Each structure stands twice: as C-alpha cells, then as structure tokens.
Amino acid sequence: KAGVTQTPRYLIKTRGQQVTLSCSPISGHRSVSWYQQTPGQGLQFLFEYFSETQRNKGNFPGRFSGRQFSNSRSEMNVSTLELGDSALYLCASSLPDFGETQYFGPGTRLLVL
Amino acid sequence: AQSVTQLDSQVPVFEEAPVELRCNYSSSVSVYLFWYVQYPNQGLQLLLKYLSGSTLVKGINGFEAEFNKSQTSFHLRKPSVHISDTAEYFCAVTYSGSARQLTFGSGTQLTVLP
C-alpha cells in the first residue's frame with residue numbers, strides 16, 4: 001500500500017498570510033491526526049479527524065483548523081501566520097481502534113518569514 | 001496531566017555496542033506505549049508498540065522494549081547498534097480516554113560512532 005502523503009513538502013510564507021496543508025492517508029484508514037514538530041516544543045498534537053468529524057483537539061489557538069473529506073483526505077489551515085508557526089507539520093493515519101498504529105507522512109516543512 | 005519523559009536528550013555510542021534509551025510516563029490509567037524513530041528530513045516510523053500481554057516487546061531492526069508498570073517505564077534496547085541506527089527516537093503514549101492522541105517525549109538523539 002502507498003504510505004501517507006503530504007503536500008507540499010516545503011512552504012515559505014510571510015507573517016499574516018494563511019496556509020493550507022494537505023494529507024492523503026493510507027487507503028482504508030479513516031482516522032487522520034495532525035502534529036506540529038518544533039525544536040522548542042517538540043511534537044505536539046493538533047487535532048484528529050474521523051469520518052469527517054473532529055474527534056479531539058490539542059491546545060492550539062483557533063488560527064489552526066482542519067477538515068476531513070469523505071475520501072478521508074484531510075487538510076489543515078493556519079490563518080494569520082506568526083513566526084512561531086514555523087515547524088514541521090506531520091500527518092498520521094490509522095485504523096479507528098484504540099492502540100492502532102499511527103503511520104506518519106514525511107511532513108510539510110513550513111517557514112514563516 | 002499526561003506526560004512522557006525521555007531522560008537522555010543525546011546518547012553517543014560506539015558501533016556494535018549495546019544501547020538503552022530510557023522512557024518514563026505518567027499515568028493512572030491503562031496506556032498504550034510506542035517507540036518511533038525519525039531519520040533526518042523524514043516522518044516518524046514505528047519501531048514497536050506495547051498494547052497488552054507480554055511485557056517484552058520486539059520490534060523492527062533488532063530493537064526491543066520492556067514495559068514496567070510498577071516503574072512506569074518503557075525503555076528501548078538494542079544489543080548491538082549500527083551506524084545506520086543514528087537517528088532521533090521518540091517514546092509516545094496514548095491513553096484509553098484520549099482517542100488516538102499521542103503524547104510524545106522530547107526525543108533522544110542516538111549517534112552511533114565508528
């Protein structure tokens with residue numbers, strides 16, 4: 001099976017702009033989670049979607065949002081970008097049961113100038 | 001609050017030597033435990049996971065980990081490392097009440113020296 005794919009892989013934006021990142025899960029996986037990775041804060045959970053519904057949300061401001069489509073593909077959006085939003089954004093997909101492995105994509109590296 | 005502590009931020013070790021990367025978690029409820037590896041400019045790859053049953057878990061690339069409930073630990077071990085094991089290793093936990101949210105430790109950079 002093809003793995004989790006994320007587009008774009010690299011992105012440069014300026015403060016105040018907004019950005020949309022895309023994630024295509026492994027075929028058959030209906031749960032998609034997003035994580036932010038920074039040198040200072042490490043890996044932090046953003047949110048999880050299952051069957052087009054947000055099931056869980058981490059401690060991030062409302063500028064961070066997401067959605068999931070009927071084909072399980074997911075997007076996350078960050079509005080009014082700040083310098084501190086520069087990070088690697090990782091998407092992971094899994095089967096719905098507790099304890100199921102989350103399979104990660106290669107990430108989108110966002111640089112905010 | 002849920003937390004995971006990786007006690008060593010950097011671990012240098014010579015090739016073919018054994019290594020242990022330490023991980024402790026806080027929890028009063030059932031947990032599932034994971035070790036992931038991240039190579040430069042890549043996503044995370046699962047090494048192994050503990051859900052229940054035998055406390056000794058074997059994973060890919062010769063790694064294994066032992067779940068110790070009394071000490072709330074899940075240390076990762078490999079008896080003989082290779083240069084190609086150089087990477088960052090993350091311990092993660094998910095709790096039965098947190099859906100699929102993974103809480104990660106801060107990571108341990110393993111550097112294997114020739």
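Here the structure is a predicted model, which means the values were calculated and not measured. Residue numbering restarts at 1 for every chain, and letters A, B, ... go by the order of the sequence lines.
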In Å and rounded to the nearest 0.5 Å, what is the CZ to CD distance from A:Arg30 to A:Glu52?
-> 9.5 Å
Going by the angle between their ring planes, with limits at 30° and 60°, are B:Phe104 and B:Tyr36 parallel, tilted or perpendicular?
-> tilted
Side-chain heavy atoms of B:Trp35 within contact of B:Val37, under 4.5 Å = no
Does the side chain of B:Thr94 come within less than 4.5 Å of B:Phe34's, by heavy atoms?
-> yes
Segment of A:Thr101 engaging chain B (4.5 angstrom heavy-atom cut-off) = both
Can you tell me how far the CG atom of B:Leu113 sits from the OG1 atom of B:Thr111, to the nearest 0.5 Å?
-> 6.5 Å
Can you see which heavy atom on A:Ser22 is nearest to which on A:Trp34, and at what distance?
-> C-CH2, 4.0 Å
Choice from A:Ser33, A:Pro106, A:Ser31 maximising heavy atom contacts with chain B below 4.5 Å = A:Pro106
Interface moiety of A:Tyr35 toward chain B, non-hydrogen atoms closer than 4.5 Å = side chain
Would you say A:Leu43 and B:Leu46 are hydrophobically clustered, going by side-chain heavy atoms of ILVMFWY under 4.5 Å?
-> yes
Pick out which of A:Gln54, A:Arg55, A:Arg67 makes a side chain to side chain donor-acceptor pair (under 3.5 Å) with A:Tyr49.
-> A:Gln54
Is A:Phe64 reachable from A:Phe45 through a run of I, L, V, M, F, W or Y residues, each pair having side-chain heavy atoms under 4.5 Å apart?
-> no
Nearest 0.5 Å please: distance from the CG atom of B:Leu21 over to the OG1 atom of B:Thr108.
-> 5.5 Å
Chain B interface, residue from A:Phe50, A:Phe47, A:Phe104, A:Tyr103 that has the most non-hydrogen pairs under 4.5 Å | A:Phe104
Candidate pair A:Thr14 and A:Gln17, rule side-chain hydrogen bond (donor to acceptor under 3.5 Å, both in side chains), full reasoning = CA-CA 6 Å; A:Thr14 57; A:Gln17 288 187 308; 3.2 Å; yes
Would you say A:Arg9 has more than 12 foreign heavy atoms packed within less than 6.0 Å of its CZ?
-> yes
Side chain, backbone, both or neither: which part of A:Gln44 has an atom under 4.5 Å from a heavy atom of chain B?
-> neither
Roughly how far apart are A:Leu95 CG and A:Ile26 CD1, rounded to 0.5 Å?
-> 8.5 Å
Closest non-hydrogen atom pair between B:Phe90 and B:Leu44, with its separation | CD1-CD2, 3.9 Å
Is B:Leu7 reachable from B:Val31 through a run of I, L, V, M, F, W or Y residues, each pair having side-chain heavy atoms under 4.5 Å apart?
-> no
In Å, rounded to the nearest 0.5 Å, how long is the span from CD of A:Glu48 to CD of A:Gln68?
-> 8.5 Å
Connected via hydrophobic side-chain network under 4.5 Å: B:Leu110 and B:Leu48 | yes
Does anything in residues 71-87 of chain B get under 4.5 Å of chain A by heavy atoms, and if so which residues?
-> none
May I ask you to list the residues in residues 8-20 of chain B that approach chain A closer than 4.5 angstrom, counting heavy atoms only, ordered by number?
-> none
Go through A:Thr7 and A:Thr5 one step at a time and tell me if the side-chain contact (heavy atoms from CB on, under 4.5 Å) criterion holds.
-> CA-CA 7 Å; A:Thr7 56; A:Thr5 58; 5.7 Å; no
When the 4.5 angstrom heavy-atom criterion is applied to B:Gln45 and chain A, the contacting part is neither
Look at the side chain of B:Gln101 and the backbone N and O of A:Gly58, then say whether any donor-acceptor pair between them is shorter than 3.5 Å.
-> no
By number, which residues in residues 70-93 of chain A have some heavy atom less than 4.5 Å away from chain B?
-> A:Leu88, A:Leu90
Expected contact set for residues 49-70 of chain B against chain A at heavy-atom separation under 4.5 Å reads B:Lys49, B:Leu51
